[in-house]
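In this chain, residues are counted from 1 in sequence order. All values below were derived from every heavy atom in this structure, side-chain atoms included, with hydrogens, water molecules and symmetry-related copies excluded.
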Amino acid sequence: YYMYELVGIMVHTGTADSGHYYSFIKERQPIRPTDTGDRKWHEYNDTQVVPFDSESIPQHCYGGVEDFLEWDRVLQKKVTVKRAKVNNAYILFYQRVPQPTQPGNADPASSTDSINGALDTQTQTQTQTPDTGIPSPSPFLSPTSSHQPPTPISLYTNTPA
């Protein structure tokens, strides 16, 4: 099986009627050459990009309830009340973790050359298939394909644009 790591989170804060989106994103590579190889997390919120501690993901992304200090007019002091959190993870982004390759057990999807080789093999298989009258599943893979992109049609006049 493949292993995946969490590399990004899109968060919605607000209600179903309104709100705001922002993201937590893990670096693909360390930004500074002096970093020890640890890829850092950052919060991207409109024009602000600030470092983010991934240990606080549960507090920022899981919703639930939180304790909040609120001024009580009757008691004339701050009291602790519970309220619903308004920030929740909306989309999670994962990336497959490269597996160490062993001789004779290479992961075919681990390199661009392997992917291109797989596409070449698929293209050869498709071009050697006898014509059955059924369109090729992906005419874009064949270098000898005569497929042309469709002619754009104007939405208003139904004529070629």
Side-chain angles (χ1 to χ4, degrees), residues 1-102 105-119 122-123 135-141 147-158 160-161:
Y1 297 122
Y2 296 114
M3 296 293 294
Y4 292 86
E5 68 175 332
L6 181 67
V7 294
I9 305 167
M10 181 181 292
V11 178
H12 178 261
T13 183
T15 65
D17 295 331
S18 66
H20 177 71
Y21 293 92
Y22 56 97
S23 298
F24 299 117
I25 301 173
K26 188 175 187 179
E27 296 172 340
R28 298 231 177 208
Q29 296 177 353
I31 292 177
R32 294 175 193 87
T34 57
D35 288 346
T36 61
D38 291 339
R39 298 172 1 218
K40 310 250 187 284
W41 283 83
H42 298 278
E43 177 182 346
Y44 291 79
N45 193 344
D46 292 334
T47 60
Q48 294 185 353
V49 178
V50 295
F52 175 73
D53 180 10
S54 62
E55 295 294 320
S56 64
I57 287 175
Q59 291 82 16
H60 288 274
C61 301
Y62 291 171
V65 294
E66 64 184 342
D67 291 335
F68 182 72
L69 283 177
E70 183 177 275
W71 182 257
D72 187 314
R73 290 182 182 179
V74 175
L75 298 175
Q76 292 293 305
K77 67 177 185 175
K78 288 187 176 184
V79 295
T80 302
V81 295
K82 295 209 180 281
R83 70 174 183 183
K85 288 185 180 181
V86 294
N87 48 331
N88 293 279
Y90 183 69
I91 299 175
L92 302 177
F93 297 89
Y94 290 91
Q95 178 175 312
R96 192 167 81 183
V97 176
Q99 298 296 316
T101 57
Q102 298 172 355
N105 190 20
D107 178 6
S110 65
S111 73
T112 307
D113 292 339
S114 296
I115 292 170
N116 290 337
L119 288 176
Q122 185 175 1
T123 300
S136 170
S138 180
F140 299 103
L141 293 177
H147 178 76
Q148 297 296 319
T151 304
I153 301 281
S154 169
L155 295 175
Y156 301 103
T157 62
N158 202 21

Problem set entry | ring pair (Phe, Tyr, Trp, His ring centres under 6.0 Å) involving Tyr4 - partner list, sequence neighbours excluded |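 Ring pair (Phe, Tyr, Trp, His ring centres under 6.0 Å) list for Tyr4, sorted by chain: empty.
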For this session: Could you please spell out the steps behind the side-chain contact (heavy atoms from CB on, under 4.5 Å) verdict for Ile57 and Phe24?
Result: CA-CA 9 Å; Ile57 287 175; Phe24 299 117; 5.7 Å; no
Exercise. Do Arg28 and Gln95 have side-chain heavy atoms sitting under 4.5 Å apart?
Worked result: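 Yes, their side chains come closer than 4.5 Å.
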Exercise. Are side-chain heavy atoms of Val11 and Glu43 found at a separation under 4.5 Å?
Worked result: no
For this session: Mind checking the CZ-NE2 spacing from Arg39 to His42? Nearest 0.5 Å is all I need.
Result: 11.0 Å
Exercise. Roughly how far apart are Met3 CE and Gln99 CD, rounded to 0.5 Å?
Worked result: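 Met3 atom CE to Gln99 atom CD measures 7.0 Å (nearest 0.5 Å).
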Problem set entry | Donor-acceptor under 3.5 Å (Asp72 side chain, Val74 main chain) |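 Yes; judged by distance alone, with no hydrogens or angles, the pair exists.
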Problem set entry | Lys/Arg N to Asp/Glu carboxylate O, Asp67 vs Lys82, below 4.0 Å |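 A salt bridge is present here (some side-chain N lies under 4.0 Å from a carboxylate O).
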Problem set entry | Evaluation steps, side-chain contact (heavy atoms from CB on, under 4.5 Å), between Gln76 and Trp71 | CA-CA 7 Å; Gln76 292 293 305; Trp71 182 257; 3.8 Å; yes
For this session: Taking all non-hydrogen atoms of both residues into account, name the closest pair between Met10 and Ser23 and its distance.
Result: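 Residues Met10 and Ser23, closest heavy atoms: CA-OG, 4.2 Å.
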Exercise. Where do Leu6 and Trp41 come nearest, in terms of heavy atoms and distance?
Worked result: O-CZ2, 3.4 Å
Between side-chain atoms of residues 83-92 and protein atoms elsewhere (two or more places apart, or another chain), which donor-acceptor pairs fall under 3.5 Å?
unit_1, atom_1, unit_2, atom_2, d
Arg83, NE, Glu66, OE2, 3.3
Arg83, NH2, Glu66, OE2, 3.4
Lys85, NZ, Gln59, O, 3.2
Asn87, ND2, His60, O, 2.9
Asn88, OD1, Gly63, N, 3.2

Exercise. Pairs in or reaching into residues 9-21: which pass side-chain hydrogen bond (donor to acceptor under 3.5 Å, both in side chains), with residues at least two apart or in two chains?
Worked result: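 Matches after skipping sequence neighbours: His20-Asn45.
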Problem set entry | Working for side-chain contact (heavy atoms from CB on, under 4.5 Å), residues Leu69 and Thr80 | CA-CA 5 Å; Leu69 283 177; Thr80 302; 3.5 Å; yes
